[in-house]
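Here the structure comes first, spelled out in structure tokens, and everything after it is commentary.
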There are 2 protein chains.
Amino acid sequence: MDDIWQSLGRERAASPFASGCASRVVLDHVTSKWGVLVLVALDEEPRRWGELRRRIEGISEKMLAQTLRALESDGFVLRESHGTVPPRVDYSLTPLGRELAEVLVPLVRWVGDNVHRTTVPLAASA
Amino acid sequence: MDDIWQSLGRERAASPFASGCASRVVLDHVTSKWGVLVLVALDEEPRRWGELRRRIEGISEKMLAQTLRALESDGFVLRESHGTVPPRVDYSLTPLGRELAEVLVPLVRWVGDNVHRTTVPLAASA
DNA sequence: CAGTATCCGCCATGATACTG
DNA sequence: CAGTATCATGGCGGATACTG
């Protein structure tokens, strides 16, 4: 086998190429349409629900809630609800989430910096 | 505004937080369920159609074709068809694709290495 | 303010069959 | 071998209304 995910003494590493692997689930959450943006937005700074909604243009309430719950369940996002009225809820990255952001942000940044070099039709309009 | 994608002299950078931005399109291709795996598989080494299909467990022919066409159209993947019979087609990363892989592979690798630290139910079975 | 509940369309995805 | 064509489905995702 030539699976670099198994070789080189990385026995603990899970291979996303295997169909049943849990890393695919996490990868799907992390790289989901909105997951990426939520993680990056929270890496910029902790934010409240409404702030997130405004920061991430076009996200619906449903998808924001759904994405936040998935990322919280994975252990990447921390949800802090102050029991006040009116309600106030703060979202931030956990230490694990911050580690993830260290490798995710460079990707998002690279794409942002290099769209104009791709041959996506829309990219020309930059 | 506190948009790090606009500040710090990065005027050419596109912000994926803006709903109409082309970087979202590219980001969606790159972070799509199968897009990630295809790019990483091709970063390991150039591969033929059938090799890709076998490397990426669970991908259907339709999705492989569709994903490859999207990534080729973006300029990340090079398709080389030798006009032989039976047909032989090689896929590889373009220079741009290789640059992308430099930031994408660390992400995939991190997830693979750290699934066991997440709280995904399935992850415990590792 | 910070969500949940509900309805619904549509398209992404997958299975199958077929072809040069 | 390397695809394309076709069809069926389910769930992703959006819009709207409602609540503590």
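Proteins get letters first, then strands, A, B, ... in listed order; numbering begins at 1 in each.
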Listed by chain and number, what are the side-chain contact (heavy atoms from CB on, under 4.5 Å) partners of A:T94, not counting sequence neighbours? A:L78, A:L96
Can you list everything that forms a side-chain contact (heavy atoms from CB on, under 4.5 Å) with B:V103? Sequence neighbours excluded, please. A:P106, A:L107, A:W110, B:L100
Can you find a pair of side-chain heavy atoms, one from B:E51 and one from B:E45, that are under 4.5 Å apart? no
Is there a side-chain contact between B:V77 and B:L42 (heavy atoms, below 4.5 Å)?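 Sidechains of B:L42 and B:V77: in contact.
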Base-pair map of DNA chain D as dot-bracket, where | denotes pairing with a different strand and pairs are Watson-Crick or G-U under 3.5 Å: ||||||||||||||||||||
Nucleotides bounding contact with chain B, strand DNA chain C, heavy-atom threshold 4.0 Å: C:dT13 to C:dG20
Show which side-chain atoms of residues 20-27 of chain A pair as donor or acceptor with protein atoms under 3.5 Å away, not counting sequence neighbours.
residue : atom : partner : partner atom : Å
A:R24   : NE   : A:P16   : O            : 2.6
A:R24   : NH1  : B:E57   : O            : 3.1
A:R24   : NH2  : A:P16   : O            : 3.4
A:R24   : NH2  : A:F17   : O            : 3.0
A:R24   : NH2  : B:E57   : O            : 2.8

Where do N or O atoms of nucleotides 7-12 of chain D meet protein N or O atoms at under 3.5 Å, pair by pair?
none

Can you give me the closest heavy-atom contact between B:L93 and B:A101, atom names plus distance?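 B:L93 and B:A101 have their closest heavy atoms at CD1-CB, 4.0 Å.
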Closest approach of A:T119 and B:G75, non-hydrogen atoms and distance?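 Looking at all heavy atoms of both residues, the shortest contact is OG1-N, 3.3 Å.
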Looking for any heavy atom pair under 4.0 Å, which part of the strands does B:R48 touch: base, sugar-phosphate only, or nothing? sugar-phosphate
If you take any heavy atom closer than 4.0 Å to DNA chain C, which residues from residues 79-92 of chain B end up in contact? B:P87
Which residue pairs pass the salt bridge (charged side-chain N to carboxylate O under 4.0 Å, His left out) test with at least one member in residues 84-108 of chain B, sequence neighbours excluded? A:R117-B:E99, B:R88-B:D90
Identify, with sequence neighbours excluded, every residue that meets side-chain hydrogen bond (donor to acceptor under 3.5 Å, both in side chains) alongside B:R54.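 So B:R54 forms no side-chain hydrogen bond (donor to acceptor under 3.5 Å, both in side chains) with any residue.
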Could you pull out all donor-acceptor pairs under 3.5 Å where a side-chain atom in residues 60-70 of chain A meets a protein atom, sequence neighbours excluded?
residue : atom : partner : partner atom : Å
A:S60   : OG   : A:M63   : N            : 3.2
A:T67   : OG1  : A:M63   : O            : 2.6

Which of these passes side-chain contact (heavy atoms from CB on, under 4.5 Å) with A:Y91: A:L52, A:L71, A:V38? A:L52
Residue mapping more 5' on DNA chain D - nearest nucleotide basis, B:R69 or A:S60: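 Per heavy-atom nearest nucleotide, the more 5' residue is B:R69.
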Any residue meeting salt bridge (Lys or Arg N to Asp or Glu O under 4.0 Å) with B:D43, in chain and number order, not counting sequence neighbours: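 Once residues adjacent in sequence are excluded, B:D43 has no partner under the salt bridge (Lys or Arg N to Asp or Glu O under 4.0 Å) criterion.
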Check whether A:R47 reaches the backbone of A:A41 with its side chain - one donor and one acceptor, N or O, closer than 3.5 Å.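 Pair found, side chain donor or acceptor close to backbone of A:A41.
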